[in-house]
Amino acid sequence: MEFVVKEDKDKFELMKKMVDFQKNVKQPKKDKNNPFSKSSYASLQSVQETAVEALEPLGLSFFQDFGINNEGKTLSVQTIIISNLGMIKFNPIVLPLEKITAQGVGSASTYARRYALTTNLAIVADEDDDGNNASNVSKNGYNKQNNGYQKHNYQQQPKANQSKPLNESEKLKDEEIRYNNNAKQAIEKIGKQNAQQIFVKAKQIYKIDDIKKCRANDLANLNSYVEAEVKGQITKLGAMTND
């Protein structure tokens, strides 16, 4: 995220306006259905209308720019908030582009614009899947990365054994799910750039390069650190509105 302003005080005024936006924005109407996941979601039009409704009273508006990169392999979309104080330029959202056709690019750009708006403005456009997509686990407990045939170890245990302490592998899997949920919530609550900074610092502190190759206790400590830092950022942003 980049603030383009003439004076530092304008940056803080813009931040205050974005905090007010988060307080006032209403979640968009989920006017579309996904037959594959049997869930509903908000269309691009619904998300845009929701954003405009909450931005306009604050003197804010947005536009989006997109381009095709990496020899047609990816599509990027950048959301920019503008006002008389200056601009907020969010980091581009980059998504893979499967088909370089008019229909393929059109479909991908629509999805990317919707995804960028919801991510950058912390708008919820999809039904909550309880973190299953982030952890590659479907609602019936099957691991999608293993073609749907391998269940988590802790889900295979008989009911009589559920009270037994989890082993290291099971603990690590639980902390991985917690990590993915923390990442999703951090982006929604404090923005992608702030979330990335917290996670990078946390990995440096606990010397974790790959969450799948670390100890469960180390990842648990990292998760607790991230949760505390995100909470602190939210409190800080809330305090700014009372200045």
Side-chain angles (χ1 to χ4, degrees), residues 1-31 41-69 74-95 108-126 182-202 226-243:
M1 181 189 302
E2 178 187 2
F3 287 83
V4 182
V5 295
K6 291 183 178 179
E7 300 181 20
D8 287 341
K9 65 181 182 66
D10 293 333
K11 176 180 178 180
F12 290 105
E13 289 300 320
L14 269 177
M15 292 177 69
K16 288 181 180 180
K17 285 182 178 291
M18 291 305 297
V19 171
D20 289 338
F21 167 80
Q22 291 298 329
K23 289 181 178 179
N24 299 328
V25 66
K26 299 177 182 178
Q27 297 309 322
K29 179 180 179 182
K30 295 176 176 60
D31 53 353
Y41 66 95
S43 65
L44 173 60
Q45 179 179 350
S46 180
V47 173
Q48 287 178 331
E49 290 175 350
T50 294
V52 170
E53 181 182 3
L55 287 170
E56 280 189 344
L58 299 171
L60 303 174
S61 58
F62 77 90
F63 66 89
Q64 292 180 297
D65 186 25
F66 81 95
I68 299 176
N69 313 308
T74 60
L75 181 147
S76 65
V77 172
Q78 183 176 36
T79 302
I80 300 176
I81 302 294
I82 58 175
S83 76
N84 61 340
L85 296 172
M87 298 188 297
I88 303 175
K89 300 172 69 174
F90 291 96
N91 292 333
I93 298 292
V94 181
L95 299 175
S109 65
T110 297
Y111 177 83
R113 288 160 61 198
R114 170 180 169 273
Y115 183 72
L117 269 181
T118 56
T119 301
N120 297 146
L121 301 182
I123 294 173
V124 180
D126 302 283
N182 282 338
K184 178 181 178 181
Q185 293 174 13
I187 291 173
E188 290 177 349
K189 293 178 179 179
I190 63 175
K192 184 176 180 180
Q193 187 174 18
N194 290 333
Q196 285 178 336
Q197 291 175 350
I198 289 175
F199 275 85
V200 168
K201 185 176 180 180
V226 167
E227 289 164 359
E229 287 295 305
V230 171
K231 184 177 180 180
Q233 287 276 358
I234 295 172
T235 302
K236 182 178 179 181
L237 289 173
M240 289 175 57
T241 62
N242 298 323
D243 291 345

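Hydrogens, waters and symmetry mates are skipped; everything else that's a heavy atom, side chains included, is used.
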Is any side-chain heavy atom of [X] less than 4.5 Å from a side-chain heavy atom of [Y]?
{"X": "E13", "Y": "K17", "result": "no"}
{"X": "D65", "Y": "I80", "result": "no"}
{"X": "L117", "Y": "F62", "result": "yes"}
{"X": "V47", "Y": "T118", "result": "yes"}
{"X": "M18", "Y": "L121", "result": "yes"}

Pairwise distance [atom1]([X]) to [atom2]([Y]) - rounded to 0.5 angstrom:
{"X": "M15", "Y": "D20", "atom1": "CE", "atom2": "CG", "answer": "12.0 Å"}
{"X": "I190", "Y": "K231", "atom1": "CD1", "atom2": "NZ", "answer": "14.0 Å"}
{"X": "Q22", "Y": "E188", "atom1": "CD", "atom2": "CD", "answer": "10.0 Å"}

*Who passes salt bridge (Lys or Arg N to Asp or Glu O under 4.0 Å) against E2, sequence neighbours left out?*
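Here no residue qualifies.
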*salt bridge (Lys or Arg N to Asp or Glu O under 4.0 Å) with K9: which residues, sequence neighbours excluded?*
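Applying salt bridge (Lys or Arg N to Asp or Glu O under 4.0 Å) to K9 gives E7.
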*Whether over 12 other heavy atoms sit under 6.0 Å from Q197 CD*: yes
_Counting neighbours of OH on Y115 that are heavy atoms of other residues, nucleotides or ligands and sit closer than 6.0 Å, is the number greater than 12?_
no
*Output all residues satisfying ring-ring contact (aromatic ring centres under 6.0 Å, His included) with F199, sequence neighbours left out; order by chain, then residue number.*
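Expected list: Y179.
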*Counterpart residues, side-chain hydrogen bond (donor to acceptor under 3.5 Å, both in side chains), relative to S61 (two or more places apart)*: none
*Could you walk me through whether R113 and Q48 pass side-chain contact (heavy atoms from CB on, under 4.5 Å), step by step?*
CA-CA 9 Å; R113 288 160 61 198; Q48 287 178 331; 3.3 Å; yes
*Return the set of residues passing side-chain contact (heavy atoms from CB on, under 4.5 Å) with T110 (not counting sequence neighbours), or none when no residue passes.*
L44
*Pick from V5, L58, L60, L55: which one makes a side chain to side chain contact (heavy atoms under 4.5 Å, CB included) with S83?*
L60
List the atom of [X], the atom of [Y], and the distance in Å for their closest heavy-atom pair.
{"X": "A122", "Y": "Q27", "answer": "O-NE2, 4.5 Å"}
{"X": "K29", "Y": "S46", "answer": "O-OG, 2.8 Å"}
{"X": "A51", "Y": "F21", "answer": "O-CE1, 3.8 Å"}
{"X": "V52", "Y": "P57", "answer": "O-CD, 4.3 Å"}

List, one per line, each side-chain donor-acceptor pair under 3.5 Å for residues 84-91, sequence neighbours excluded.
unit_1 : atom_1 : unit_2 : atom_2 : d
N91    : OD1    : M1     : N      : 3.3

